[in-house]
Amino acid sequence: MDYLASLNEPQYEGVVNTEGPAMIIAGAGSGKTRVLTYRIAYLIKEKGVDPFSILALTFTNKAAKEMRERIATVVGSNARNLWMGTFHSVFARILRAEADRLGYPSNFTIYDADDSKSLIKTIVKEFGLDDKVYKPNVVFSRISSAKNRLVSWQEYVNNPIYAADDETAQKPEMGRIYKTYAQRCFKANAMDFDDLLFQTNVLFRDHVDILNKYQHRFKYVLVDEFQDTNVSQYLITKKLSAVSQNIAVVGDDAQSIYAFRGANIENILNFEKDFPDLKVIKLEQNYRSTQNIVNAANSVIARNKGQIKKKVWTTNNDGNRIDLIKSISDNEEGRFVASAIFEQKSQNNYKNEDFAILYRTNSQSRAIEESLRKSGIHYKIYGGLSFYQRKEIKDLMAYLRFAMNTADEQSFRRIINLPKRGIGPTSVEKIVVAAFEHDIPLWEVLNNVNAFLPGRAANAVNDFVTLIKSFQIYVQSKDAYETASHIAKNSGLLKELYDDKTVEGLNRYENVQELLNAIKEFVETPEVEDKSLGAFLQDVALLTDQDNEDPDNKDFVSLMTIHSSKGLEFKNVFIVGLEEDLFPSQMMMSSRDDLEEERRLFYVAITRAKENLYFSYALSRYRYGRLINCEPSRFIEEVDPSFIFVNTRYGSREPKLGRNDGPPGFNANFARNLMANKKSAPKKPLQYHKPSADFRPSDTSGLQEGMKVEHPKFGFGKVSKMDTSGANKKAKVIFEDFGEKTLLLTFAKLRIVE
DNA sequence: GGGCAACCACTTTTT
DNA sequence: GTGGTTGCCC
């Protein structure tokens, strides 16, 4: 019982109250993971519960892995038998086992968000709709949110409320798209991420015997990050624990930052209603941060109306005040952050790993990255494009998936003309449409393609079919690694990449090799019983590469979005880009709820810090390659000023050329196309105007037609036309040396001469 | 069908 | 700033 001795009173309550429903509201830094892991350890060790009958659900693979390891240190190897994993992986496993009840094969493919969006794109195109109205992202999130609220396409099409909604949104075809999308997924033997939860609900709703089976199997259900569950996830856990009533949820409403993905804070209220004899435990003591940081965070979150009453407190030292850094530009901001890290390291013996730089959007990383590189500070950027989203990886994966599941339309579209086989979009469309019109499997169309396509295209398709059939023999008889490397070689993918001698080409080649290594590793793992390609694909679909860590070099500064920083902590945290419209994000300002979610995001960012916290903002910044003026974020003012130390550190802005700056034929965009097309460079060198004044972002509100202006690069010119009709005011200027250019006045690089 | 140049659109995203 | 896409031409 010694592991329990270290717990405080409410933590102990959270661990030992294992029977009946419990809700643990855990403030930031209050030892939430510890309570969850000890609770499971307590069940196994002290209560003698079989690990097989404990189901613990998390949101990330990383959290599941970490928790499993921590439990193992208390209970030993027995922890392996726990049902612990992400919602998606656990229910994918159950769905594979019970797939036949839903009319799916057990080797169904899992579509990731990219697959889903490209399927939506093709459907929108097939319907002859405007993809500017039916943007794949918008359609996808509409379908996704319907599924997460358990609205099937049948209900969606039949319910006039949705039709009216879509009518006002000028998207009347949404129901038809949802229907087609769902049917296409089903026909492709594929489930998207939302289906894994949606179909589990269907399974439990329509097949009571199966529900009973799992209700009796899982005697204890635990849910981590409960504030981020959506309706679909909540209903699954509720149903599973309806018999045993042993359900424990752990979360913090103040850290709910995924409402935009369907997370529903009302689950907390519903939970209280659904389980009336619920035990509520509040963890309010923060062990992570200094007084100043805890109090600043409290002063921010207190502005939100909707929240559960709790008071997070700490007995830690006061610590330093928050350092507020003001700078002139995003580059300058990067430099100050780099120099602050440098100073702190030498003065206070911090290591790189003690620092994190948090921002609202991934695109902000570039300016920071540059200055860290110049200062020789080792850093790592989290997020961005993941390994499995890279084109070359998706290409090979598509071959592997198609060899496993010849109904998979998305994989088919990806590989049918890759490498080039002379099968164009028209032929592909004919094949797919034929499969639908005659209601036969895609594979059958491909095997009888001569009936649908003219000779030359049909021959190419026949070759493709023969190739796939040769792969299928491997799939059946060899392990995943042998199959995958055979397919990589014989599909021609590797050769195409090998022939590409550019830097990117080499990278892509290495990435494919890395994927093959990963498969090899999978095959050579002794615990893995099923070493087939199918087993690997099932494993990998739900894996993101967050856990691919480089063990050699762990001492780096972490750069990431605030979203991905959740659950982590650092001694020193920089929150950069604290500017109005950026954070809080302009696109989030439509309603008060959205502002509250942005504020919770700010709260999450602040509470990552253990010792020192820095706020930083710039007065001007490049966004989408254009210079804009910025104002400090309202969030800075929302922090009680007694916790802030203002540290004004202006600098200067250096002129920077955008890709489209300069005359056509001589600008960077032209150079880029030259590089891409391997043509020789023009003989004439670039000659830009030498600015006669210091060009800071300036006010151009008085600009009128006919005025003479100076531009830092194009030199002198005359305003020929003003366009104030759109959201972005524009001016057409005829430059003496470079001719006519249209300039966006928001970015105000013009100086009025006369 | 393929190559090239211009054009467009961009939030966060554990799965 | 970047990547993806469209539209024109061969």
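Proteins get letters first, then strands, A, B, ... in listed order; numbering begins at 1 in each. Here the structure is a predicted model, which means the values were calculated and not measured. Note: hydrogens, waters and symmetry copies are ignored here, and every other heavy atom, side chains too, is used.
- Side-chain contact, S329(A) with Y622(A): no donor N or O sits under 3.5 Å from an acceptor N or O.
- Using the six-membered ring where Trp is involved, H88(A) and F193(A) have ring planes that are perpendicular, over 60° apart on the 30 and 60° scheme.
- In this structure, CD of Q364(A) is placed 9 Å from P of dT12(B), rounded to the nearest angstrom.
- Residues satisfying the salt bridge (charged side-chain N to carboxylate O under 4.0 Å, His left out) criterion with D463(A), sequence neighbours excluded, are absent altogether.
- Between L568(A) atom CG and dT14(B) atom C1' the separation is 11 Å, expressed in whole Å.
- The local environment of CD in E429(A) is crowded, with over 12 non-hydrogen atoms from other residues, nucleotides or ligands closer than 6.0 Å.
- With rounding to whole Å, R421(A) atom CZ is found 16 Å from dG1(B) atom C1'.
- In terms of heavy atoms, Y181(A) sits closest to S116(A) at OH-OG, 3.0 Å.
- For dT11(B), neither phosphate oxygen OP1 nor OP2 lies less than 4.0 angstrom from any side-chain nitrogen or oxygen of N137(A).
- Closest to the R366(A) side chain, of the nucleotides dT13(B), dT14(B), dG1(C), is dG1(C).
- In this structure, CG of D130(A) is placed 14 Å from C1' of dT6(C), rounded to the nearest angstrom.
- Side-chain contact check for N304(A) and Y603(A): no donor-acceptor pair (N or O, by modelled atom type) lies under 3.5 Å.
- A close approach under 4.0 Å does occur between a side-chain nitrogen or oxygen of K135(A) and OP1 or OP2 of dC10(B).
- For R360(A) against dT11(B), a side-chain-to-base donor-acceptor contact under 3.5 Å is absent.
- Considering only the side chain of S427(A), dG1(B) comes nearest among dG1(B), dT12(B), dG1(C).
- Applying a 4.0 Å cut-off to non-hydrogen atoms, the residues of residues 249-263 of chain A that approach DNA chain B are Y258(A), F260(A), R261(A), listed by residue number.
- Among the atoms of the strands shown, base atoms are found under 4.0 Å from some heavy atom of D228(A).
- dT14(B) atom P lies 16 Å from atom CD1 of I110(A), rounded to whole Å.
- With respect to R366(A) and D330(A), no salt bridge is recorded, no charged nitrogen being found less than 4.0 Å from a carboxylate O.
- For the OP1/OP2 pair of dT13(B) and a distance below 4.0 Å, the side-chain nitrogens and oxygens of T561(A) include at least one atom meeting the criterion.
- In this structure, the CE atom of M560(A) is 20 Å from the P atom of dT11(B), given to the nearest Å.
- In this structure, NZ of K117(A) is placed 16 Å from C1' of dT5(C), rounded to the nearest angstrom.
- Between K121(A) and dT5(C) there is a side-chain polar atom (N or O) within less than 4.0 angstrom of OP1 or OP2.
- Regarding E225(A), its CD atom lies at a distance of 15 Å from the P atom of dT13(B), rounded to whole Å.
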